[in-house]
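Structure first, then comments.
What you see is a predicted model; the values in this text were computed from it and never measured. So that the names make sense, note that chain A is the first sequence line, chain B the second, and so on, each numbered from 1.
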Protein chains: 2
Amino acid sequence: MPRNRRPIDRAEKRDEIVAAATGLFTDVGYDDSSMAKVAAAAGVTPTTIYWYFADKDALLVAVVDHLLQEALLEAAPLFDAPVVDQLLWAVERLERYSKLVTVVHARCAISPAIDAWHNEFHSLMDTLLANGLSQAGARSEDLEAMTRMSVFVVEGLLTHPLALEERRQIIELVARPR
Amino acid sequence: MPRNRRPIDRAEKRDEIVAAATGLFTDVGYDDSSMAKVAAAAGVTPTTIYWYFADKDALLVAVVDHLLQEALLEAAPLFDAPVVDQLLWAVERLERYSKLVTVVHARCAISPAIDAWHNEFHSLMDTLLANGLSQAGARSEDLEAMTRMSVFVVEGLLTHPLALEERRQIIELVARPR
DNA sequence: ACCTGAACACCGTTCAAGT
DNA sequence: ACCTGAACACCGTTCAAGT
């Protein structure tokens, strides 16, 4: 039996649990997806999940982190695109995860693990966006505020669904230099 | 016994429950404030709450609606103030209710009652802000998008605490006409 | 090391019974 | 009309026991 057999099995089963949780958290929502339902969807016992994750919030972190990595891979071709395209793409791409967005925000006040992930997420977004915004002509003294503003607008658009045209208008407005 | 004795008693007890729930939801959070705790804080039995409210979400609606009415009364002197002052005031005034803001967003997808309140809240905000923004010099074709943007920024600032100076910078930026 | 079944202390909500 | 105590079907989590 090869030396790395165990770790691979472990990673696979962990991934299965994360996949099951991703589906349920995305569609049904975090609150209405009990550990029992996640376990059933993953083909394990509720208690088994606790062998892989400290608690339900740790599972949520694994879910959103996995989705983030996926999205970042897909976003790679856009790294040098106009910032308006980046923002529009982000909203369209993450639209279906709006339940996760709101629940992460809500649980930041409850779970330190989620709060930590959320903070890291925002530093990453700030870094990614600052470049595109300065290329769009943002004055350097406004750059930080514009970055924050853009992130807030994306989050707002994810949480408050608007018509496509309205959405585009807001994003063009937020990226417009002044 | 006067004819209106009952209704007054009823309103008073209802208010006591709302007051107890407001304190707990604001400080401890919605999820961690069980109906049993709210009941204890209000000096009643958990089941009694269900005589006054359909469920926990209806109680949450009563809480946020009460806080909104309070805030609107306090905001009256600002109705003709510069929009930047309005936005800054709103963030400072509602800062302590950030837990309620995030939980309302999270439960919009779960509770139709909360979703309905949330929609009404946003139409109200849009109406209140559009006036101030056009007076700040917003071009009429941008007015709708700027209104939405401002609301998103206020919500973002409530959910993501920033230093006072940073906050002021973002609000001045979002209200700046272009 | 990994997984289970049984158990624990809760939870929101309901309902028959009281006044 | 208003309020209660007991009960219901869950919940996240723990833990002794298995392999």
Rounded off to whole Å, could you give me the [atom1]-to-[atom2] distance for the [X] and [N] pair?
X: B:I49; N: C:dC11; atom1: CD1; atom2: P; answer: 12 Å
X: B:K37; N: C:dG12; atom1: NZ; atom2: C1'; answer: 14 Å
X: A:L60; N: D:dG12; atom1: CG; atom2: C1'; answer: 14 Å
X: B:M35; N: D:dA6; atom1: CE; atom2: P; answer: 20 Å
X: B:I17; N: D:dT4; atom1: CD1; atom2: C1'; answer: 14 Å
X: B:D55; N: D:dA9; atom1: CG; atom2: P; answer: 20 Å
X: A:L24; N: D:dC11; atom1: CG; atom2: P; answer: 12 Å

For A:A54 and A:D32, take the nucleotide of DNA chain D holding the closest heavy atom to each; which residue's nucleotide lies nearer the 5' end?
A:D32
Quick one: which of [options] gets closest to the side chain of [X]?
X: B:T45; options: C:dC11, D:dT4, D:dC11; answer: D:dT4
X: B:T48; options: D:dG12, C:dC11, D:dC3; answer: D:dC3
X: A:Y50; options: D:dG12, D:dC2, C:dC2; answer: D:dG12
X: B:W51; options: D:dT13, D:dC2, C:dT13; answer: D:dC2
X: B:V44; options: C:dC3, D:dT4, D:dG12; answer: D:dT4
X: A:K56; options: C:dG12, D:dC3, D:dG12; answer: D:dG12
X: B:T47; options: C:dC3, D:dC11, D:dG5; answer: D:dG5
X: A:Y52; options: D:dT13, C:dC3, D:dC3; answer: C:dC3

Taking the basic N atoms (NZ, or NE/NH1/NH2) and the acidic carboxylate oxygens, is any pair closer than 4.0 Å for B:D32 and B:K37?
no
Kindly assign one of parallel, tilted or perpendicular to the pair A:H118 and A:H122, based on the angle between their ring planes and the thresholds 30° and 60°.
perpendicular
Nucleotide opposite C:dA17 in a Watson-Crick or G-U pair, distances under 3.5 Å
none
Nucleotide paired to C:dC8 in any strand shown, Watson-Crick or G-U, under 3.5 Å:
D:dG12
Please classify the nucleic acid contact of B:F53 as base, sugar-phosphate, or nothing, using heavy-atom distances under 4.0 Å.
nothing
Any side-chain N or O of A:R10 under 4.0 Å from OP1/OP2 of C:dC2?
yes
Does B:K13 put a side-chain nitrogen or oxygen below 4.0 Å from OP1 or OP2 of D:dC3?
yes
Quickly, which of A:V91, A:V174, A:L87 forms a side chain to side chain contact (heavy atoms under 4.5 Å, CB included) with A:L157? Name it, please.
A:V91
We want to know whether B:D15 and B:Y52 form a side-chain donor-acceptor pair, criterion being a heavy-atom distance below 3.5 angstrom.
no
Taking the ring centre of each residue, are A:F152 and B:F152 less than 6.0 Å apart?
no
When B:R168, B:R176, B:Q169 are each screened for side chain to side chain donor-acceptor pair (under 3.5 Å) with B:E172, the one that passes is B:R168
